[in-house]
Enquirer: 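Okay, here's the structure, questions in a sec.
Chain A is the first sequence line, chain B the second, and so forth, proteins listed ahead of strands; every chain is numbered from 1.
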2 protein chains.
Amino acid sequence: MRSKKSRATSVDIAHRAGVSQATVSRVLRGSPLVNPETRQRVLDAVRELNYKVDHRASSLRTQRSGTLALLLFEDPTPDESHINPFFLSMLGSITRACAKHGHDLLVSFQQLSDDWHADYEDSMKADGLILLGYGDYVTYHSKLEQLVGQGTHFVRWGAVQEGQPGVSIGCDNFKGGQLVGEHLIERGRKKVAFLGNASAHSPEFFERYRGCDAALQRAGGGMQADLQVDAESEEKAGYAAAVSLLERGRPFDAVFAASDLIAVGAMRALTEHGRHVPWDVAVVGFDDIPMARFANPPLTTVAQDTVRAGELLVETLLRQVRGEATEAVMLPPELVVRRSSGAV
Amino acid sequence: MRSKKSRATSVDIAHRAGVSQATVSRVLRGSPLVNPETRQRVLDAVRELNYKVDHRASSLRTQRSGTLALLLFEDPTPDESHINPFFLSMLGSITRACAKHGHDLLVSFQQLSDDWHADYEDSMKADGLILLGYGDYVTYHSKLEQLVGQGTHFVRWGAVQEGQPGVSIGCDNFKGGQLVGEHLIERGRKKVAFLGNASAHSPEFFERYRGCDAALQRAGGGMQADLQVDAESEEKAGYAAAVSLLERGRPFDAVFAASDLIAVGAMRALTEHGRHVPWDVAVVGFDDIPMARFANPPLTTVAQDTVRAGELLVETLLRQVRGEATEAVMLPPELVVRRSSGAV
DNA sequence: CTGAAAGCGCTTACAG
DNA sequence: CTGAAAGCGCTTACAG
């Protein structure tokens, strides 16, 4: 919107360049059906009047918005509190990937309870949806089915598993858990506690748990139910979980936290309760958020490739929008060893 | 976009409800000029066909998009690297504030070098722009003037100072620097090094520097030019700056880092070079990013109220879009004392 | 290679 | 309270 004279339209350009409005549109869309000289006259007029195509009009006409919407779910922490740093870095890489593909990104935080399934694409604000966030998978499921039923284009970041509505991109969480298990065994740890929800409601955490268990089993051990404590992915929850683990009084020499945020909280609790990390207890997290390097001691963790993830999400969604076939992908995790799991 | 039958339009609803398309529109816009019974019939049809107003069409017609665009600048780190956590949390609070005001948020990362001044609002994708990011203020300035000249609606997060194009919301950086200076003096520190650019190119950092200087002066001292080292807001830059400070061989008993990221890097360098924080050197940062609490030792810093900042930015911009008067605001900073500046 | 015309899906004076 | 009509600013067959 201009303050004085209203903004130039393609008609103004046509007038100035002495052509029809249709020709202006052809030039701006890069149609080859335009005489080079005509094209130049139009381009000159465009520059002189500082003209920009009205995105709403073109999108209304073409039925393509060139916009993707990112819906970020966060259930537990309604307001104030900080967003999970892992999602923040996903947000960063998704934004970059969108730009790279010439698309705009609409960002929106959602409560899982909201009626989100019926918004952005339905209002034609976006060509497709990217769904991101932990969330109770069971609740989630029916909404996803609704999306599929509506023919909405979407991709989801999260657990990649059978019988799931829509296309998912996710980390190979089982593999990640395995890497952790193998690492702990190598360091001589046997009794591994798990901090995080380990049930079908949180399939990502559960896979991490199962992967670690598989690795321990191969070494003749296994995860113990009495060493598992539920926790959402928050520092405070990690602290609380570690405290209640200690209260149980069962011996353990390692903690596998389902996320770095949990791990950081757990390390604080352990230290405050006189357990030395890593001498008494090795601690390993998941995600490799920026904070992990700076934790005290620096946190061993499993890195997820957020840059690749962002690109894959965007590319997959765009392919879907174009009507091409798409498939689920699991990204390989990578173990990052730091001092929190140091040798005994 | 639906997979099978194409999506319902207001004409379909009109047909089903036995009214004119105009009436459907009136109902959906909440016009009082509709008979309650008619309204109900329309609403029923809307529900049955799962109809949603096409946002592009309505926005084209009303000339209001209900969308704000956030342009995030990051000059030094072109790709890969992580976005400054401080901006990430601003992003979070801006997104929340937008939702609260019923607006959508378009997010875009920009290189300062890009031709950004001419994009989102010009394409009518957004009603206004929020500008966020450190950046060389001198380069910046002329682009801002262009925006003002074009009559573009925008607010900027950053230094609040005289003769600046457009409306700015920012932290009271001078005051923040003062708090740091007073705190250090109270802890018996005299020779305060400053890590960060201290010139008109980085007015935010410069104000922090000047504020600290003012506090020291009041105590009979002052900042020393030979204890100032340039640094962008990055952990690596902080590390490098601290190393070159040490190499100068001038005595100092405190470091005021222009940002937490710089402080974290500096603490690593100091520790590696045998200086104990805080015994030998007190370290103070700025921003209070999540990482600050978990740094080793936990970092004393100046907190900026990002939640309030986000709301203020959105409210101010919306007021501007509505043609109301707006003004610059400086938010009060708050000192957060942790162990990195612990008593001698 | 170019123009006239229809139409994307809404909103809103204008009549009644 | 309601309908018919114009128009927001584009894109794209359809003719030529």
Enquirer: Test A:Y51 against every option in A:V46, A:V42, A:L43, A:D12 by the side chain to side chain contact (heavy atoms under 4.5 Å, CB included) rule and name the one that passes.
Expert: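 Testing A:Y51 for a side chain to side chain contact (heavy atoms under 4.5 Å, CB included) against A:V46, A:V42, A:L43, A:D12 leaves exactly one candidate, A:V46.
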Enquirer: Sequence neighbours excluded, which residues qualify as side chain to side chain donor-acceptor pair (under 3.5 Å) partners of A:Q21?
Expert: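 Only A:S10 meet the side chain to side chain donor-acceptor pair (under 3.5 Å) criterion with A:Q21.
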Enquirer: In terms of side-chain geometry, is the basic nitrogen of B:K100 or B:E311 positioned less than 4.0 Å from the acidic oxygen of its partner?
Expert: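 Salt bridge: yes.
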Enquirer: Which residues in residues 34-49 of chain A have a heavy atom closer than 4.0 Å to any atom of DNA chain C?
Expert: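 Heavy-atom cutoff 4.0 Å gives A:V34, A:N35, A:T38.
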Enquirer: Just checking, any donor-acceptor pair under 3.5 angstrom between side chains of B:S168 and B:Q164?
Expert: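 Checked: B:S168/B:Q164 side chains pair up, N/O donor to acceptor below 3.5 Å.
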Enquirer: Can you confirm whether A:E324 is buried at CD, in the sense that more than 12 heavy atoms of other residues, nucleotides or ligands lie under 6.0 Å from that atom?
Expert: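 Atom CD in A:E324 is packed in, count exceeds 12.
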Enquirer: Roughly how far apart, to the nearest Å, are D:dT11 and D:dA15 at atom P?
Expert: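 22 Å, rounded to whole Å.
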Enquirer: So which pairs with a foot in residues 39-48 of chain A pass salt bridge (charged side-chain N to carboxylate O under 4.0 Å, His left out), sequence neighbours left out?
Expert: A:R16-A:E48, A:D44-A:R47
Enquirer: Does the side chain of A:R56 pick up a donor-acceptor pair with the side chain of B:Q63 at under 3.5 Å?
Expert: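 Present: a donor and an acceptor within the cut-off.
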Enquirer: Taking 5' to 3' order, which nucleotide of DNA chain D is first and which is last to have an atom within less than 4.0 Å of a heavy atom in chain A?
Expert: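 Going 5' to 3' along DNA chain D, contacts run D:dG9 to D:dA13.
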Enquirer: Is a salt bridge present between A:K125 and B:D104, judged by a nitrogen-to-oxygen distance below 4.0 Å?
Expert: yes
Enquirer: DNA chain C: stems of at least 3 consecutive Watson-Crick or G-U pairs, cut-off 3.5 Å?
Expert: C:1-3 with D:14-16, C:5-12 with D:5-12, C:14-16 with D:1-3
Enquirer: Of the options B:V167, B:I130, B:L144, which is the one that meets B:F154 in a side chain to side chain contact (heavy atoms under 4.5 Å, CB included)?
Expert: B:L144
Enquirer: Below 4.0 angstrom, which residues in residues 18-27 of chain B have at least one non-hydrogen atom near DNA chain D?
Expert: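 Those residues whose heavy atoms fall under 4.0 Å from DNA chain D, taken from residues 18-27 of chain B in numerical order, are B:V19, B:S20, B:A22, B:T23, B:R26.
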